[in-house]
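Here's the structure, in structure tokens; my notes come after.
We name chains A, B, ... by the order of the sequence lines, and we start the count at 1 in each one. Atoms considered below: every heavy atom in the structure, side chains included; atoms not considered: hydrogens, waters and symmetry mates.
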Amino acid sequence: MKQSQITVFRDQLITWFEANKRDLPWRRTDDPYSIWVSEVMLQQTQVKIVLDYYERFLESFPTVIDLSQADLQLVLKSWEGMGYYARARNLHQASGIVRDKFDGQLPRDQGSFRSLPGAGEYITAAVLSRAFDKPLAVVDGNVKRVLSRLFMIDEPINSANANRQFAEHASTMLDPQRPGQFNEAMMELGATICTPKNPNCKICPVSNFCESYIQDRQRDYPVTAIRKAIPHHHLVVSVICKDDKILIVRRPLSGLLGGLWELPGGEIEKNETGISACSRIIKDSTNLDIETPEQITRVKHAYSHFSIEIDVYRSRYKLGDVYLKDHIDYRWINWAETDDYAFHQAHRKIFNKLTKG
DNA sequence: AAAACGGGGAC
DNA sequence: GTCCCAGTTTT
């Protein structure tokens with residue numbers, strides 16, 4: 001695209017954006033920390049979900065200093081149900097770095113900000129362009145889809161080596177005078193008009209520049225690579241009752257669902273009954289002996305790279321002291337106390353079923 | 001370069 | 001059911 005055309009593209013896009021943008025809470029602030037929080041939450045998470053968390057999180061942790069001084073368990077509780085919990089752990093860790101190494105101020109320098117845990121290319125560009133007018137182009141799923149259609153890019157948007165190509169296009173188009181507005185406008189276009197299915201090209205403010213639209217091939221873009229099939233796992237967990245308490249355990253801080261709480265359990269093996277699997281797994285993971293377990297419910301849950309079904313057993317504590325194999329902590333708690341701990345969503349499903357039933 | 005990492009809205 | 005979302009880190 002010629003430079004003169006690029007200038008017109010920017011004007012058309014930003015004019016449309018200013019007239020049509022959604023009223024979102026993180027658009028009402030210029031506070032860099034608040035903008036940062038919103039960008040971390042919005043990573044791979046839909047706007048509608050983040051709306052339920054953003055303002056409550058900032059009420060709990062109004063400044064980067066407040067966040068840095070908060071207990072990680074409280075931060076995870078605020079994140080409970082949103083997924084990708086490493087974001088919360090990284091944000092919490094990064095807040096401490098901002099406090100100790102950057103005098104409590106978010107670094108404005110690209111390299112410094114990028115070095116914070118959880119700050120990748122996207123977050124760095126998004127925060128620094130919005131908060132400090134740095135001319136850095138964001139490249140997210142929306143932007144890639146828009147660019148794919150705009151320039152008829154045949155590289156799959158979910159392939160690793162496409163990123164450089166998309167980043168170059170994004171940088172070329174970026175309005176260096178209004179980088180924050182431009183970035184938001186590109187994403188807003190992708191979110192509301194240039195959608196994955198059935199793009200609304202009739203009302204698109206830049207359709208006159210869109211190569212795929214001009215050829216009526218917008219439905220052929222973006223190109224995506226095929227995904228692999230996802231495996232399925234069958235798990236058992238147990239509600240172990242000891243007097244009026246039940247046992248919960250805390251997952252390691254790294255890896256899947258890191259730092260969250262759950263009922264003890266594990267994967268059932270082939271040719272193993274649920275009852276024997278339950279007893280074996282409880283002994284192996286907690287060192288406890290339990291009375292014969294009895295199944296009380298079953299839940300299904302899907303992650304992005306595998307799916308699970310969990311058979312839930314009730315059992316009575318028989319013998320032994322807790323000695324954890326993989327988990328990092330445990331508690332004997334009342335049912336009501338489950339609200340005080342951050343559980344992952346599969347367990348919220350379990351608790352909801354047992355409470356209703 | 002590929003896999004790990006959550007959960008749910010939209011279709 | 002499938003797709004994919006204001007991506008980053010680890011392997």
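Separation of atoms CG (Asn161(A)) and CZ (Phe166(A)) is listed at 10.5 Å; rounding is to 0.5 Å.
OP1 or OP2 of dG6(B) has not a single side-chain nitrogen or oxygen of His301(A) nearer than 4.0 Å. OP1 or OP2 of dG8(B) has not a single side-chain nitrogen or oxygen of Tyr303(A) nearer than 4.0 Å. Regarding contacts with the backbone of dC5(B), a side-chain N or O of His305(A) is found under 4.0 angstrom from either OP1 or OP2.
Nucleotides dG8(B) and dT9(C), compared at atom C1', are 23 Å apart to the nearest Å. Distance check on atom C1': dC5(C) versus dC5(B) gives 14 Å, rounded to whole Å. Rounded to the nearest Å, the gap between the C1' atom of dC4(C) and that of dG6(B) is 13 Å.
Remark: nothing in residues 339-348 of chain A comes within less than 4.0 Å of DNA chain C through any heavy atom. For residues 248-268 of chain A, proximity to DNA chain C is found at no residue, defined as any non-hydrogen atom under 4.0 angstrom from a strand atom.
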Checklist entry - What is the per-nucleotide protein-contact pattern of nucleotides 2-11 of chain C, from the 5' end, where B denotes a base atom under 4.0 Å from a protein heavy atom, S denotes such proximity for sugar-phosphate atoms only, and - denotes neither? => result --BBBBSS--

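Atom CG of Asn334(A) has more than 12 heavy atoms from other residues, nucleotides or ligands within 6.0 Å.
A salt bridge between Arg280(A) and Glu272(A) is present, with a side-chain N of the basic residue lying under 4.0 Å from a carboxylate O of the acidic one. The pair Arg219(A)-Asp216(A) meets the salt-bridge criterion, since a charged nitrogen lies less than 4.0 angstrom from a carboxylate oxygen. The residues Arg348(A) and Glu80(A) are annotated as salt-bridged, a charged nitrogen and a carboxylate oxygen being separated by less than 4.0 angstrom.
Using a 4.0 Å heavy-atom distance criterion, Met41(A) is classed as making no nucleic acid contact. Within the 4.0 angstrom heavy-atom criterion, only backbone atoms of the sugar-phosphate kind lie near Lys228(A); the bases stay farther away.
With 3.5 Å as the limit, one finds a donor-acceptor pair spanning the side chains of Thr273(A) and Ser276(A). Side-chain contact check for Glu168(A) and Thr172(A): no donor-acceptor pair (N or O, by modelled atom type) lies under 3.5 Å.
Aromatic rings of Trp79(A) and Tyr84(A) (six-membered ring for Trp) have centroids beyond the 6.0 Å cut-off, not under it.
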